[in-house]
Number of protein chains: 2
Amino acid sequence: MATIYEVAALAGVSPATVSRVFNGLTVSEEKQRLVRDAAARLAFTPNKTARRLRKQSSEIIALLIPDIENPFYTALARGVEDRAQESGFSVVLCNTDDNPGKELRYLQIAASEQMAGVILSPASDEVDLGAIVSLGRPVVAVDRTTPYPVDAVKIDNRAAGIAATAALFDAGYRRIACIAGPAGIEMTEDRFLGWRQVVAARGTGTHEGYLQHANFRVEGGHAAMKALLALDTPPDAVVTTNNLMAIGALQAIAEAGIPPETFGLAAVGELPFMVLAPATVVQVRLPARYLGRTAATMLLDRIGGDTQPLRTVVLRAEVSPPVPPGKGLAL
Amino acid sequence: MATIYEVAALAGVSPATVSRVFNGLTVSEEKQRLVRDAAARLAFTPNKTARRLRKQSSEIIALLIPDIENPFYTALARGVEDRAQESGFSVVLCNTDDNPGKELRYLQIAASEQMAGVILSPASDEVDLGAIVSLGRPVVAVDRTTPYPVDAVKIDNRAAGIAATAALFDAGYRRIACIAGPAGIEMTEDRFLGWRQVVAARGTGTHEGYLQHANFRVEGGHAAMKALLALDTPPDAVVTTNNLMAIGALQAIAEAGIPPETFGLAAVGELPFMVLAPATVVQVRLPARYLGRTAATMLLDRIGGDTQPLRTVVLRAEVSPPVPPGKGLAL
DNA sequence: GAAGTCTAAGAAATCGATTTCGTCAAGAGT
DNA sequence: ACTCTTGACGAAATCGATTTCTTAGACTTC
């Protein structure tokens, strides 16, 4: 591939002039023409590695997500990518598997690769952002906040938990359990607090074992649902705090021979690739792609020099389908 | 972050010696100890941009996939990532949306970013690998082959189409249609030729309109299935040539009020997040993660200097669940 | 005509790691 | 004791783009 020196030689100017032409600095029209002609003839593409070394930064954003196989996160990734590409940035997608060790490794890569900024969904409250923050690289946390001085975009998780649970009560269910993610994760806590609040307000109380903690994956939801169904007084409905645990719960319900339309299920998050009738499950729709897009806008603003005070943007979820009163959902 | 010069100054050696220590060249034990101590004290992390500029390459692989929201491709990506990380390589995931323009742009990025190699599922037979191949960067094509001199890993697609179709005949269906991806894509062609071969061999022939081409997405399968159901003589079963089109077909079947267990459906590819009884759908399981892992192994071998002749590795699919004879699948 | 100012453009330093070339010291052989 | 060989290590070039500093020429003013 041609270098700036070859373009300069062909155009009869200095390499500095070639650089000025492509970076929009002042160069006479005559010499601009010479440089562009030469570059076109040589099919010149600037070497980004050299530029990155000299400028000490890049046009790359690191995006750290905990589960690449969760469609919530792939939708979020597309939102980040949409916005980043509008500004000429590339996105490196880093799948952490909710593993703090992998997450730290990716953060170190972001630092040593001079990425311009990081968007991440932290694997835990103990995520170590010290190195990247101390380098002055902007960070935006999504879906979960951190104690570090970084911007954040999140869902109103408590309201989402409330909406999911209220929908089940409105549909006539009375023994409503909750399958939550791992304890200690802020998003999990907020969502099941929403469940608990509605259960307390509607006066039915909860049974022992009606709150089950699971991992966020399909198999976590599956195991938790089996545990719920094995109780002396099983629930007649369940709220899951994410989409994949709802899938697992549905599988367990089907395996138990329960027709899905007679058991109440509300998920915080859209179920991917739904083939059941839409009324079978209440889905609290999370704006994942917009969440990603918002996070990228905030990060790009910081990269561009934005020095406004740190802020947290909170997005809202919405319930789908809207729930009419009465027993069961499949009306 | 500390540079190699600062480590050298603290250790009392030259920068070249520091570089030699970390790159395993011959350095006296005494000086090795001095360098390692100094590096630890300064928390030295080598600047990969500088190294990449001097060495003219990087430890990054570009992975170009057509649909990040298709779990087949996220599983493939995990396989690539698994293997790459074993060798200290990072993977940049590039989502092309089956768009040749986006694909070309990502290939140009791979070239100008000096990525060590590329794994891609080509958006079309006309993909332009000229620039990246002429730079000598290794390329491995997955899932689809190309006319360029590159290695490939693929599924035995024809056999997969045959297996899916045969399973439906074995289950007792007789009017078996096919929902295939866009015409002209090798993988599509091979899979529906497998369908056509079995239909011809079993002597039932096909009806006008029994072969529907769609895009590979859920909505493509949905529209194609509605078109099939609207025929004067609708089919009693269908083969879809990928997983997401099966999802769309199932949605259309449910919307038409047909119990899914009475309609035959076989998909080439595992349906993601299945909540129907496993016997409802025949799934031809594709080893996506292993496909990714194999592609990465081949690419890393090339990056490492492998000069064996170009080769294509063909992996096999398997049918799940195994199909007993008789009408319908839900036995 | 001389002095001062401004602008375009070239020379060279810079970014940080790697690698090439040259030097010096130690060891072996005669 | 001298010569030759080998290995460790330092100096400096290299990768390619950007940017700083300097210079030359054009223009204006007195």
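Every chain is numbered from 1, with letters handed out A, B, ... down the list of sequences. Because only heavy atoms are used, hydrogens play no part in the values below, and waters and symmetry mates are left out as well, while side chains stay in.
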Asker: Whole angstroms only, please: what is the CD-C1' distance between Q32(B) and dC9(D)?
Answerer: 13 Å
Asker: Look only at the side chain of Q32(B) and the backbone of V27(B), and say whether a donor-acceptor pair between them is shorter than 3.5 Å.
Answerer: yes
Asker: Would E113(A) and T49(B) count as having a side-chain donor-acceptor pair, cut-off 3.5 Å?
Answerer: no
Asker: At under 4.0 Å between heavy atoms, which parts of nucleotides 4-12 of chain C does protein reach? Answer with one letter per nucleotide, 5' to 3': B base, S sugar-phosphate only, - none.
Answerer: ----SBBB-
Asker: How many Å lie between CG on N23(B) and C1' on dT19(C), as a whole number?
Answerer: 10 Å
Asker: Are V92(B) and L93(A) close enough that some pair of their side-chain heavy atoms sits under 4.5 Å apart?
Answerer: no
Asker: Taking the basic N atoms (NZ, or NE/NH1/NH2) and the acidic carboxylate oxygens, is any pair closer than 4.0 Å for D97(A) and R78(B)?
Answerer: yes
Asker: With sequence neighbours excluded, what pairs up with F44(A) under the ring pair (Phe, Tyr, Trp, His ring centres under 6.0 Å) test?
Answerer: F22(A)
Asker: Is a donor from one side chain sitting under 3.5 angstrom from an acceptor on the other, for T17(B) and S14(B)?
Answerer: yes
Asker: With a 4.0 Å heavy-atom cut-off, tell me which residues in residues 48-57 of chain A come close to DNA chain D, sorted by residue number.
Answerer: A50(A), R51(A), R54(A), K55(A)
Asker: Tell me the interatomic distance from I4(B), atom CD1, to dT19(C), atom P, rounded to whole angstroms.
Answerer: 11 Å
Asker: Please give the angle, rounded to 10 degrees, between the axes at the start and the end of the helix from dG1(C)-dC30(D) to dT30(C)-dA1(D), where five pairs define each axis.
Answerer: 50°
Asker: Whole Å only: how far is the CZ atom of F44(A) from the C1' atom of dT18(D)?
Answerer: 12 Å
Asker: Are any of the side-chain heavy atoms of R52(A) and I60(A) separated by less than 4.5 Å?
Answerer: yes
Asker: For D306(A), is there an ion pair with R311(A) - N to carboxylate O distance below 4.0 angstrom?
Answerer: yes
Asker: Could you pull out all residues at least two apart from F89(A) that satisfy ring pair (Phe, Tyr, Trp, His ring centres under 6.0 Å)?
Answerer: none
Asker: Name all pairs fulfilling the salt bridge (Lys or Arg N to Asp or Glu O under 4.0 Å) condition that reach into residues 3-17 of chain A, sequence neighbours left out, sorted by first residue then second.
Answerer: none
Asker: To the nearest angstrom, how far is N47(A) atom CG from dT18(D) atom C1'?
Answerer: 12 Å
